[in-house]
Amino acid sequence: MADSLFEGLTEAQREAVAHVEGPILVLAGPGSGKTRVVTHRIAHMLRSGVYSSQIVALTFTNKAAQEMRSRVERLAPDSTVWVSTFHRFCARLLRAYSNLVGLEQNYTIYDTSDSLQILKRALQSEEISTSHATPEKVAKAISWAKNNMVLPERYEANSHNAISSIVRDVYPEYQRQLRAANAVDFDDMLMLVAQMLQENPELRAALDERFRYILVDEYQDTNLVQYLLVRSLSQQYPNLGVTGDPDQSIYGWRGANLNNILDFEKDFNQVKVVRLEQNFRSTPNILLVADQLISHNKRRKKKSLFTDASPGQPVRMLTYTTSHEEAQAIATRIAAQVAQGKRRPRDFAIFYRVNALSRAYEEALRQQGIPYMIVSGVEFYQRKEIKDVLAYAMLMNNPRDDVAFTRIVNTPTRGIGKSTILKLQVHALDQGISMMEAAREAGVIESLSKRAAVAVAKFVSLFDRLSLKINEPVEDILGAILEQTGYRAQYENSDDDDDVSRLENIDELLSAAREFDFQHPEDGTLERYLEDKALVNETDNFDADLDRVTLMTLHAAKGLEFPCVFMVAIEEGLLPHERSKDSDAQLEEERRLMFVGITRAQEELDLSTANQRDFRGRRMMTVPSTFLFELPREEMDFQAALPRMVSPASDWEDVHEIPPDDFSQIGESGDFSDQTPSNPPEPPTKMLITAAEMVTGPGSARPKSDPNQFHQSMAVLHPTYGLGKITSMSGEGAKRTATVQFVTGPQKKFVLAFSDLRPVSKT
DNA sequence: CTATCCTCGCTTTTT
DNA sequence: GCGAGGATAG
């Protein structure tokens, strides 16, 4: 039946879609329609008589899962195919079979910072000195072990590595304390399920049968545990379909093992291999550059990428004298194209290797009045007030959760100080009980003063009162926490802007809880709600609908595409990064990173370097990346970015040599803009003028503003952050401060008398 | 206990 | 150059 599922597909794509039984490896080059193939394949399986309950599709991120789910739904509206992240899949299995791995069904999922608390405690109780290794480093090493299925008792220290001996000593205790708290860390979720399947052959066989068809997306990013997991569920029914591209594996540093995809054909019998090599995204010129670069990697599977698109413009390679000029030139180019109506801001993206580089481009864009957004992975931190409130809920759900207990026993303050908490902890450890249980025995703990014991007893009764509500709707539970603990009260009636915003965040949490209750009329348990909270990251801050230039790291760019891409700072030490240069494997990963960046571009691609770069507050001479010498230079457009540059490609190797007089520029003082020949950018057309445009020139001595002219909700301008709005104010006279929410994202607090804030006139 | 000072160190990031 | 986290003072 040549049905609609195959319409418009290439030969290779059809081949993959048509495959139902047995293992299949789909090697999907960039822009080759991979998701389309996977979703159509699922739909085809369903039409071929496979029950949707027998299929599970695993992804890494919630975003990918969501995307796949909605696309499957479109093709097969009433199917109940389970599309899930690895972690959520494992979370469910752990709930069902918790007893097999020493957990209770209501176990807690610790995030990275919670786990770190446990680790610090474990380091303390084992009396291990961390003077030569931070807890963070130890945590990383433990995570590595867990990703590689190394159980605590099997861990062996490496004599060359100081951290590994610490890990050997602390890993078992860390794991004990997690189990004592009835908690798991993220890595446990996968490792424990894998362990459970190894130790319980009947269960493994049953689940293998239940999940007869398993699909794994981004297979090149799987680690050993994930590999063991899917392999053990594909024994009697080896219908494992994996999709990925070894050339786009950029997460080796967090445990991804390239061997999984490279050896897939060895791991299973009669593997069907389909290569998706036709690219539907980029021009041949861009593809050629990508292909030449990646051909320098050894550990890969060769693919020949091709496209039907017309050649398009050559890829440009630009060398600037300074990073400042690089940023200016990019911003000017974008401004000009937008002004001409040729492109919109959202058509452009700027990619860099490290977040710390973003500033220069931000500033240049701001000066040009171009709207932009930064997609950054660092703003992930959880807000304190949210974590506090949820900690109460977590403790209700799992009273053994010592991290939650420690967090809220004195929040808001109720006279239970550090030493009291420590005494409770010691008592708990002695008796082999949880801190909550220890708190119940406060009256008989000798070391505790009468006063402390009373404070603790009061807390316990408060907690018990709250716990009565555990089966009520989540919104009611959180509401009760906020009222009965006095948590809300401590922030109410406060003028402080931080407190105001805390209350706003709390209200948002409540309305999200209401939404959860609404969405889960049947299974809206607190347990379920907390699992959602633990496994979903709400800061999905990339909104493709906004008409803004996108700034992001190369890692963040994976999976996206833009008509016009600028890849910047392609210099030794940055790309490849200096910390990646000691091994070939890491160097190849850096090359893949560049490959990923290049292949995001649909029509235009600019690669650039600067001879001098301002970075981390210092000015440094740079060396162009070795990767640049691996590109098809004859096919590219080498441009002198500035009058001073040597332009022809033949002289290009000389460009990075520093003319003697250039050293005069190296110094700690002085603004670049003084030295650069000023070629003022074309002023953008009127419709483009944003607030930043109105800022007076850099460094001009402007009198500070009178604090009294500011008021709540006023639009203001800052020379660095651009346009913003005053969300709240506090203090008086010289100490009067304003909190400003900037349109570019950040929220900052200013002492008005000393700030460079200016009101925006309404004219 | 909390505010502020100072030191350190510094890829990439999801769950 | 900047922010997190520890130390110290009030």
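Proteins come first, then strands; the chains are lettered A, B, ... in the order of their sequence lines, and each starts at number 1.
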For L535(A), does its backbone N or O pair with a side-chain atom of N62(A) as donor and acceptor, under 3.5 Å? yes
Who pairs with E527(A) by side chain to side chain contact (heavy atoms under 4.5 Å, CB included), at least two apart in sequence or on another chain? R95(A), Q105(A), N106(A), N397(A), T525(A)
Round to a whole Å and report the spacing from CG of L575(A) to C1' of dT11(B). 11 Å
Of the listed nucleotides ([options]), which one gets closest to any side-chain atom of [X]?
X	options	answer
R359(A)	dT11(B), dC2(C), dT14(B)	dC2(C)
T413(A)	dT11(B), dT12(B), dT2(B)	dT2(B)
E590(A)	dC10(B), dT11(B), dT15(B)	dT11(B)
W253(A)	dT12(B), dT15(B), dT11(B)	dT12(B)
R616(A)	dT15(B), dT12(B), dT11(B)	dT11(B)

Could you tell me how far dT12(B) sits from dG5(C) if I compare only their C1' atoms? Round to whole Å. 23 Å
Check this one for me: any side-chain N or O of [X] less than 4.0 Å away from OP1 or OP2 of [N]?
X	N	answer
N355(A)	dT12(B)	yes
T553(A)	dT13(B)	yes
N62(A)	dT15(B)	yes

Close N/O contacts between protein and nucleotides 5-7 of chain C (under 3.5 Å):
none

Whether the side chain of R254(A) and the base of dT12(B) hold a donor-acceptor pair under 3.5 Å is what I'd like checked. no
Does the separation of the ring centres of F459(A) and F405(A) fall below 6.0 angstrom? yes
Is the distance between the ring centroids of H555(A) and Y251(A) under 6.0 Å? yes
Conformer about C1'-N of dT11(B) - syn within 90° of 0, anti elsewhere: syn
If you look at every strand shown and take non-hydrogen atoms under 4.0 Å, does R88(A) touch a base, only sugar-phosphate, or nothing? nothing
Less than 4.5 Å apart, any side-chain heavy atom of E326(A) and any of T609(A)? no
On the 0 to 90° scale, with breaks at 30° and 60°, tag the F351(A)-F562(A) ring pair as parallel, tilted or perpendicular. perpendicular
